[in-house]
Amino acid sequence: MNGKKKKALLRAAVILCVAAAAAAALFVVGKWEKMETPVDAADTSDDDRPEFYYAGAWYTQNTELETLLIAGIDKYSDQLAETLELGKELDANINTQQSDFLMLLILDKAQNTCTVLPLNRDTMTQINALGMAGESIGSFTGQLALAHTYGSGGIDSGYNTVQAVSDLLYGAQINHFITVTMDAVAVLNDLVGGVTVLVEDDFSNITDQLPQGQEVHLTGSLALTYVRSRRSVADQTNINRMARQKTYLEALYEQLKAQPAKTFSAKALLELSPYLVSDCSAAALSELYQEILDSKLTVLDAPEGESVRGEKFMEFYPDEQKLQRLVIDLLFIPAEASAG
């Protein structure tokens, strides 16, 4: 076998893994970039893992878990002008894309479970601004979606999003990330033969192909319309859209599990490989692929909170007490238990 064929087979294995991760996080497409994992996104030892004080007790992160952040990337022209202006003021490195969709996968190998925590893109949190050389030049409070905007749109934007999510989740370390473009939802959807969903929202202002109250087999761009539409649908909030995305994710996951591995990997190689950005090695993705498909998948509801309209855009403020309890339940264990 020549070098080119070997390289193609390796990339096929990688893409197959990525597709499985997408089943647990809704969409996986994007260009492939591999870099060394930085200290703040790497596995932590028992000595330096985060600690969290809650309700009179100390908790420490459970290092037996493996975490993967997946973000779907899109462009938002209405917010772009304001973001560009802020970038000029800070002399920051910014691009034209934002995270439209974010989910944290929490893999518990001992329990053979994969828990998916959706995160609201409108969540107001601390965002790190990156200078032209990729260095931190300060921070500001903004939508979580903007973390990807500060950076080149490549690996640095991915790490910046990881940092923002880590800060939101009280310092919890995130092992790996994948960012993917939202316009590839249709590609992934059709690779698995389409996805059937019950349409619960009224899409009549957008399309007559998604009749409310009926089951629809999503194909092509209709899948993207279903998961991305927000304006003119229901209450137009991201919370409503995230509930719809959860429904789609669960159906997509079942479709992916039904795919014959060898033939699906070949299709994925041809259709999905140009669009992925990740810090994972091929070996790590291959291992994650099998573990995710073999695990019991649970998709949680997004953290509770309040959506309000800011001066120009929607802002989501999580319920801090409930978020703290959720983070402890998912990612932390009592400090004394870890010491023992």
Side-chain angles (χ1 to χ4, degrees), residues 15-32 68-77 96-105 116 118-121 145 148 153 157-158 161 177-201 203 206-207 209-210 215-234 238-259 264-265 267-278 289 292 297 299 302:
I15 298 306
L16 179 59
C17 160
V18 170
L26 191 61
F27 330 105
V28 167
V29 286
K31 65 180 178 180
W32 172 264
L68 172 70
L69 178 67
I70 300 184
I73 308 304
D74 214 341
K75 294 184 179 182
Y76 281 80
S77 57
T96 61
Q97 298 176 323
Q98 300 178 17
S99 299
D100 185 55
F101 154 88
L102 302 103
M103 277 190 174
L104 182 66
L105 276 66
V116 182
L119 298 169
N120 193 326
R121 69 175 301 278
H148 184 273
S157 292
T161 303
F177 74 85
I178 295 171
T179 63
V180 296
T181 57
M182 290 290 289
D183 57 1
V185 172
V187 178
L188 179 59
N189 182 87
D190 288 358
L191 280 175
V192 301
V195 173
T196 300
V197 296
L198 174 62
V199 179
E200 298 186 34
D201 292 324
F203 283 84
I206 298 175
T207 178
Q209 294 182 283
L210 293 169
E215 282 195 343
V216 175
H217 187 70
L218 302 173
T219 59
S221 61
L222 191 61
L224 181 57
T225 299
Y226 179 80
V227 301
R228 188 169 62 174
S229 298
R230 175 165 63 167
R231 294 176 181 174
S232 300
V233 179
N238 193 48
I239 293 175
N240 172 267
R241 178 172 60 178
M242 291 176 71
R244 197 185 322 133
Q245 290 171 344
K246 176 181 177 181
T247 299
Y248 178 84
L249 166 61
E250 292 169 336
L252 174 63
Y253 182 73
E254 293 303 318
Q255 286 291 90
L256 278 165
K257 289 184 70 173
Q259 301 305 309
F264 186 77
S265 65
K267 292 179 182 179
L269 172 63
L270 291 173
E271 303 293 340
L272 304 179
S273 60
Y275 307 100
L276 170 69
V277 176
S278 178
Y289 161 68
I292 290 169
L297 184 75
V299 184

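These figures come from a predicted structure and were not determined experimentally. For the single chain, residues carry numbers from 1 onward in sequence order.
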Exercise for the section: May I ask you to test the R241-R228 pair for a side-chain heavy-atom distance under 4.5 Å? Expected result: yes
Notebook entry, point to check: Does the R244 side chain pair with the main chain of Y226, one donor and one acceptor, at a distance under 3.5 Å?
Noted result: yes
When every non-hydrogen atom of V227 is compared with those of Q245, the smallest separation belongs to O-NE2, 2.9 Å
Intermediate values then yes/no, side chain to side chain contact (heavy atoms under 4.5 Å, CB included), V180 and L188: CA-CA 11 Å; V180 296; L188 179 59; over 6 Å; no
#### Entry: Side chains of N120 and I239 in contact at under 4.5 Å (non-hydrogen atoms)
yes
Heavy-atom closest pair (Y248 atom, V185 atom, distance to 0.1 Å) is OH-CG1, 4.2 Å
inquiry  = So F177 and T161, do their side chains get closer than 4.5 Å, heavy atoms only?
reply    = no
Rounded to the nearest 0.5 Å, the CG atom of D201 sits from the OG atom of S229 at a distance of 10.0 Å
When every non-hydrogen atom of T179 is compared with those of G158, the smallest separation belongs to CG2-CA, 4.3 Å
query = Looking only at atom types and distance, does a side-chain atom of Q255 sit under 3.5 Å from a main-chain N or O of A251, one as donor and one as acceptor?
reply = no
R121 and S99 have their tightest heavy-atom pair at NE-O, 3.3 Å
Output for pair (R230 CZ, I206 CD1), nearest 0.5 Å, gives 12.0 Å
In this structure, CD of E200 is separated from CG of N240 (nearest 0.5 Å) by 9.5 Å
Residue set satisfying side-chain contact (heavy atoms from CB on, under 4.5 Å) with A302, at least two apart, ordered chain then number -> P118, M242
For F101 and M182 the tightest heavy-atom approach is CB-SD, 4.3 Å
Only distances under 3.5 Å count here; give the side-chain donor-acceptor pairs of residues 215-225 to other protein atoms, sequence neighbours excluded, each with its distance to 0.1 Å.
from: H217; atom 1: ND1; to: T196; atom 2: OG1; distance (Å): 2.8
from: H217; atom 1: NE2; to: G193; atom 2: O; distance (Å): 2.9
from: T225; atom 1: OG1; to: S221; atom 2: O; distance (Å): 3.2

Working note: V192 + L252, criterion side chain to side chain contact (heavy atoms under 4.5 Å, CB included); need CA distance, chi angles, decisive distance, verdict. CA-CA 8 Å; V192 301; L252 174 63; 3.8 Å; yes
One should read off an interatomic distance between L104 CG and L68 CG, to the nearest 0.5 angstrom, of 8.0 Å
